[in-house]
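Step one of this worksheet: look at the structure below.
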Protein chains: 2
Amino acid sequence: MTTTAIRDGAAGQRIADSLRQSILSGEYRPGTRIRQEDLAERFGASRLPVRDALRILESDGLVTLVANTGAWVSHLSLAECEEFYQIRERIEPLLLRLSLPNLDRVTLERIASLADEMQANRDIDTFLHLDREFHLLTYSGADTSMLGDTVQRLWNSTQHYRRAFSNLIGPHANRAVHYEHQLLVGAMLRGDSEDAERVLSGHIRRTRLELAHHPEIFAE
Amino acid sequence: MTTTAIRDGAAGQRIADSLRQSILSGEYRPGTRIRQEDLAERFGASRLPVRDALRILESDGLVTLVANTGAWVSHLSLAECEEFYQIRERIEPLLLRLSLPNLDRVTLERIASLADEMQANRDIDTFLHLDREFHLLTYSGADTSMLGDTVQRLWNSTQHYRRAFSNLIGPHANRAVHYEHQLLVGAMLRGDSEDAERVLSGHIRRTRLELAHHPEIFAE
DNA sequence: GTGCGGTTAATTGGATCCAAATAGTCGAAT
DNA sequence: ATTCGACTATTTGGATCCAATTAACCGCAC
């Protein structure tokens with residue numbers, strides 16, 4: 001999976017990167033109004049690169065722009081979130097299949113140890129971070145131009161709701177997560193990409209079904 | 001499938017829409033340099049909304065921006081194009097499944113007549129237009145927030161190469177296309193979304209394999 | 001003749017200023 | 001008291017100007 005290409009607007013890119021982290025970390029919650037001038041002042045720039053940054057984040061799906069009205073941190077309905085997980089269920093197994101043959105032994109062992117580390121950790125922010133790193137690392141062997149970016153967008157857009165879900169049920173209230181991770185690691189170590197695809201698809205599907213049992217996460 | 005949401009920048013949106021059509025119609029070919037001032041003059045605006053338009057088209061995947069250097073009409077390698085078709089192969093069946101139950105009789109009959117019309121038509125531009133309208137209409141029943149837009153981006157990004165391919169082999173050199181379309185229409189009329197998914201997946205897959213037999217399309 | 005370096009021209013990026021549109025508020029009339 | 005309407009204030013969108021970066025071109029030395 002290639003890192004995103006260099007885009008224009010050095011300042012705009014910097015601001016976008018920083019604001020993206022703020023949104024993903026939960027500092028800016030979905031629905032929060034974003035005023036251009038506030039950001040401009042915060043970053044010591046004019047409103048122009050801020051506009052660029054908002055556009056970048058809009059194409060990331062993290063910000064929603066409305067003409068002549070303003071920008072808000074994007075929020076998803078339960079139905080939209082389920083849609084995102086259905087897309088993930090279909091394309092992440094493909095990404096994994098493209099990645100697996102190119103992963104070296106060192107990376108595979110790091111993936112396995114991340115899965116173990118997750119099992120031990122009780123802190124939710126750490127758990128979320130490890131989970132993200134685990135899955136994205138399994139994709140790191142894929143040399144893709146669009147698939148990797150799309151998957152990252154899907155992860156970013158749903159990050160807030162994953163955190164809300166984890167806060168609700170606790171970092172390892174459900175042992176099935178860790179079990180599926182172990183299954184996935186096993187299939188990957190065997191180089192069985194077909195089985196890995198199947199496990200991953202089921203993992204994402206089960207997560208979607210569990211999310212659907214907690215519609216209160218998406219209440220306004 | 002919802003039409004894309006209203007975005008900010010009335011002028012920028014207008015310019016983006018117009019330029020998008022120019023690119024899709026083949027007026028601007030992949031690799032063509034785009035100068036901001038040229039567009040500004042062409043649309044009677046300043047360079048600022050042009051920059052917005054280029055950002056919009058970049059997130060569409062139709063334009064590639066490089067910092068402090070310029071903008072070009074995006075071009076794909078054969079490997080990238082195959083990747084795009086692999087993504088389509090996985091997500092368009094899902095989109096079709098979400099759409100099919102919501103299609104009324106009138107739309108289904110229009111879909112069927114489009115398939116027939118395609119079979120009769122010999123002009124390549126008309127063929128491409130009908131093919132696009134056919135498939136997008138089969139998706140028109142889906143109420144999605146991201147899936148429809150993603151599929152449209154994939155279609156747009158690969159439009160130029162589909163045209164090049166059609167020009168190479170002719171609009172109906174391969175009877176398999178029309179046969180698969182008929183199979184798809186049949187499954188849809190029966191309301192058999194599982195079979196429709198299977199046919200569509202195979203259709204996209206076969207198209208990808210055929211494209212791979214003509215690497216000269218992607219030569220610089 | 002070829003390769004390296006500097007200078008110049010062209011193009012993009014950013015800041016400031018001004019216009020347009022929206023939303024919130026105050027007031028008046030029913 | 002409530003609802004409709006106008007006005008004002010706030011915020012976004014666009015135009016012009018200036019700075020920074022890049023690429024092309026010419027000249028010089030080897």
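The figures here come from the full heavy-atom set of this structure, side chains too, leaving out hydrogens, waters and symmetry mates. Proteins come first, then strands; the chains are lettered A, B, ... in the order of their sequence lines, and each starts at number 1.
Atom CZ of A:Arg35 is separated from atom C1' of D:dG13 by 17 Å (rounded to the nearest Å). In this structure, B:Arg33 places its CZ atom 13 Å from P of D:dT22, rounding to the nearest Å. D:dT10 atom P lies 16 Å from atom CD of A:Glu41, rounded to whole Å. Per the geometry, CD belonging to A:Glu58 stands 14 Å off C1' belonging to D:dT12, to the nearest Å. The nearest whole Å value for the distance from the CD atom in B:Glu37 to the P atom in C:dA9 is 17 Å. Protein atom CZ of B:Phe43 is 14 Å distant from nucleotide atom P of D:dG14, rounded to whole Å. Between the CZ atom of B:Arg55 and the P atom of C:dG13 there is a distance of 8 Å, rounded to whole Å.
Residue pairs that meet the side-chain hydrogen bond (donor to acceptor under 3.5 Å, both in side chains) test with at least one member in residues 39-48 of chain B, sequence neighbours left out, are B:Ser22-B:Arg42, B:Tyr28-B:Arg42, B:Gln36-B:Arg47. Listed by first and then second residue, the salt bridge (Lys or Arg N to Asp or Glu O under 4.0 Å) pairs involving residues 66-76 of chain A amount to none (not counting sequence neighbours).
Between A:Arg110 and A:Glu133 there is a salt bridge, with a side-chain nitrogen of the basic residue lying less than 4.0 Å from a carboxylate oxygen of the acidic one.
At the heavy-atom level, B:Ile34 lies under 4.0 Å from the strands shown only through sugar-phosphate atoms.
Each of A:Met188, A:His135, A:Glu89, A:Arg205 was compared with A:Leu200 under the side-chain contact (heavy atoms from CB on, under 4.5 Å) criterion, and only A:His135 meets it.
Between B:Ile56 and A:Arg55, the closest side-chain pair of non-hydrogen atoms falls below 4.5 Å.
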Taking N or O atoms only and anything under 3.5 Å, show me the protein contacts with nucleotides 15-22 of chain C, one pair per line.
{"from": "C:dA15", "atom 1": "OP2", "to": "A:Ser46", "atom 2": "N", "distance (Å)": "3.0"}
{"from": "C:dA15", "atom 1": "OP2", "to": "A:Ser46", "atom 2": "OG", "distance (Å)": "3.0"}

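Both cation-pi conditions hold for A:Arg88 and A:Tyr85: the charged atom is under 6.0 angstrom from the six-membered ring centre and inside a 45 degree cone around its axis.
Look at B:Gln36 and you'll find a side-chain N or O under 4.0 angstrom from OP1 or OP2 of C:dG13.
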